[in-house]
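The block underneath contains the structure these notes are about, expressed in structure tokens.
Just so we're clear, the structure is a prediction, and the values are computed from it rather than from any experiment. First the proteins, then the strands, lettered A, B, ... as listed; each starts at 1. FYI, side chains are in, hydrogens and waters are out, and symmetry mates aren't considered; it's all heavy atoms of this structure.
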There are 2 protein chains.
Amino acid sequence: MAKVLKTKDKILNAAERLFAEQGFEHTSLRQITGIADVNLASVNYHFGSKKALIQAVMERYHSAFMPELDIRLVELEAKGVTSTEQVLNCFIEPLLSLQRINPNGTSIYLSLLGHAYSEIQGHLRRFTMQNFGHVVQRFLACVQQANPHLTLSTLFWRLHFTLGATVFVQVSGQALSEIAEADFGEQASAQDMIAKLIPFLAAGIAAPV
Amino acid sequence: MAKVLKTKDKILNAAERLFAEQGFEHTSLRQITGIADVNLASVNYHFGSKKALIQAVMERYHSAFMPELDIRLVELEAKGVTSTEQVLNCFIEPLLSLQRINPNGTSIYLSLLGHAYSEIQGHLRRFTMQNFGHVVQRFLACVQQANPHLTLSTLFWRLHFTLGATVFVQVSGQALSEIAEADFGEQASAQDMIAKLIPFLAAGIAAPV
DNA sequence: GTCTATAGTATGATAGAC
DNA sequence: GTCTATCATACTATAGAC
């Protein structure tokens with residue numbers, strides 16, 4: 001039975017795809033409603049404004065991802081953290097579970113995160129930190145437990161390098177995947193990408209200063 | 001003696017700053033000419049179009065950076081590459097020398113690179129590869145010499161993680177620097193940032209698969 | 001809830017006087 | 001080379017009929 005989507009969901013689906021591909025500012029309501037096949041005015045009817053739509057899109061992913069991640073970090077904390085890779089592995093399942101929202105959910109979410117940081121979307125950073133700041137803190141604590149030789153400042157920067165490497169590859173992902181496919185005959189699924197990333201990131205985070 | 005800048009240079013200086021801070025699409029000609037204190041029409045008179053202005057801004061940095069990097073890579077190739085860190089060190093001086101163009105030259109250039117990748121600026125990627133593809137190739141060859149245990153495909157991805165970590169931190173740099181300063185009382189100059197990056201990146205690139 | 005029509009604003013680009 | 005004035009186009013948002 002083919003599910004008939006409500007207007008609100010059609011808008012969300014179209015918006016998350018376009019936001020991930022093009023960024024927030026660079027995606028117009030006309031594009032979104034065009035692809036969603038709904039009327040232009042319906043975005044404002046259902047969400048109030050473009051800014052509110054952006055937050056609704058992020059919210060749907062955040063609220064699926066963050067609690068899942070938190071559960072795994074709490075478990076890990078309880079049994080004791082011994083390696084950086086252990087911490088990063090906590091991300092795998094929560095990230096892959098986003099494919100239940102959308103077949104490209106994983107890479108959409110990471111792209112959205114990238115755009116949220118690099119565009120002038122201060123409100124998004126604040127929004128994230130207010131709602132899920134405690135998960136970020138727990139993550140930081142775990143990494144520090146795995147790397148007692150590193151100062152908090154060094155960790156802070158390395159975790160942002162980590163975020164950067166991850167989201168950049170997603171944001172510029174289409175172009176990169178095309179090159180990779182042409183040069184190495186490789187398909188790069190979200191799962192493959194994560195598998196490639198983790199050894200790189202774990203080694204980088206734990207590197208001697 | 002205070003140098004009086006020509007209109008063309010005033011435009012370039014204002015444009016590179018705004019492009020680095022906000023991205024290309026998100027910066028208007030009115031902003032640029034407002035800050036440069038020149039007439040709106042002068043951009044089109046001197047450069048022809050906004051697209052041509054973008055390329056002129058990139059060109060000024062590319063042509064200062066790429067040949068410098070190439071010289072160092074050629075030297076290194078000649079005496080034989082033994083470590084990843086050696087290769088990355090080749091970037092330091094060329095990057096820092098960009099501060100002769102502009103006191104913030106290093107971080108402006110890296111930000112521009114980030115925006116060039118993540119915005120839909122296909123023409124910029126092509127432009128770069130056409131003019132400086134051989135430098136990129138030489139860099140890849142050096143890294144491979146330092147890491148004979150890695151396949152070309154693995155290297156390809158890790159070098160993009162590297163680029164991502166680097167440009168992301170620059171693009172979202174202002175926000176991060178503010179947080180870092182608040183939390184650790186640290187100033188993060190371009191030179192400091194590079195010093196923090198290199199151990200992270202070298203360990204990540206050379207990590208076991 | 002959904003539509004049309006349009007207000008109000010910002011953009012890149014250009015014609016033409018000086 | 002530099003200016004004013006303006007065109008054509010795109011955008012978000014909203015009022016009001018159905």
Practice item. Over 60° means perpendicular and under 30° means parallel, so classify the ring planes of Tyr109(A) and Phe65(A), tilted if in between. Key: tilted
Is [X] close enough to [N] that one of its side-chain N or O atoms is under 4.0 Å from OP1 or OP2 there?
X: Ser42(B); N: dC3(D); answer: no
X: His46(B); N: dT2(D); answer: yes
X: Ser28(A); N: dA10(D); answer: no

In this structure, how many angstroms lie between the [atom2] atom of [N] and the [atom1] atom of [X], rounded?
X: Lys50(B); N: dT11(C); atom1: NZ; atom2: C1'; answer: 8 Å
X: Phe47(A); N: dA13(D); atom1: CZ; atom2: C1'; answer: 16 Å
X: Gln22(B); N: dT11(C); atom1: CD; atom2: P; answer: 11 Å
X: Asn44(A); N: dT14(D); atom1: CG; atom2: C1'; answer: 8 Å
X: Lys8(B); N: dG1(D); atom1: NZ; atom2: P; answer: 9 Å
X: Glu25(A); N: dT11(C); atom1: CD; atom2: P; answer: 13 Å
X: Leu29(B); N: dG12(C); atom1: CG; atom2: P; answer: 4 Å
X: Asp37(B); N: dT2(D); atom1: CG; atom2: P; answer: 12 Å

Please produce a list of atom pairs where a protein N or O lies less than 3.5 Å from an N or O of nucleotides 4-7 of chain C.
residue : atom : partner  : partner atom : Å
dT4(C)  : OP2  : Asn39(A) : ND2          : 3.4

Point to revise | Note, His62(A) side chain near Phe132(A) side chain (heavy atom, < 4.5 Å) | key: yes
Point to revise | Side chain to side chain, His134(A) and Asp70(A), heavy atoms closer than 4.5 Å | key: yes
Exercise for review: Measure from the ring center of Phe168(A) to the ring center of Phe168(B) and say whether it is less than 6.0 Å.
Suggested key: no
**Study point:** Salt-bridge contact Asp37(A)-Lys10(A) (side-chain N to carboxylate O under 4.0 Å)
**Key:** no
Review point. Of all heavy-atom pairs between Ala203(A) and Ala207(B), which one has the smallest distance, and what is that distance?
Key: CB-CB, 3.4 Å
Point to revise | Heavy-atom closest contact (Gln22(B) atom, His115(B) atom, distance) | key: C-CE1, 4.2 Å
Practice item. Just call it for Thr33(A): base, sugar-phosphate, or nothing, with non-hydrogen atoms closer than 4.0 Å on any strand. Key: nothing
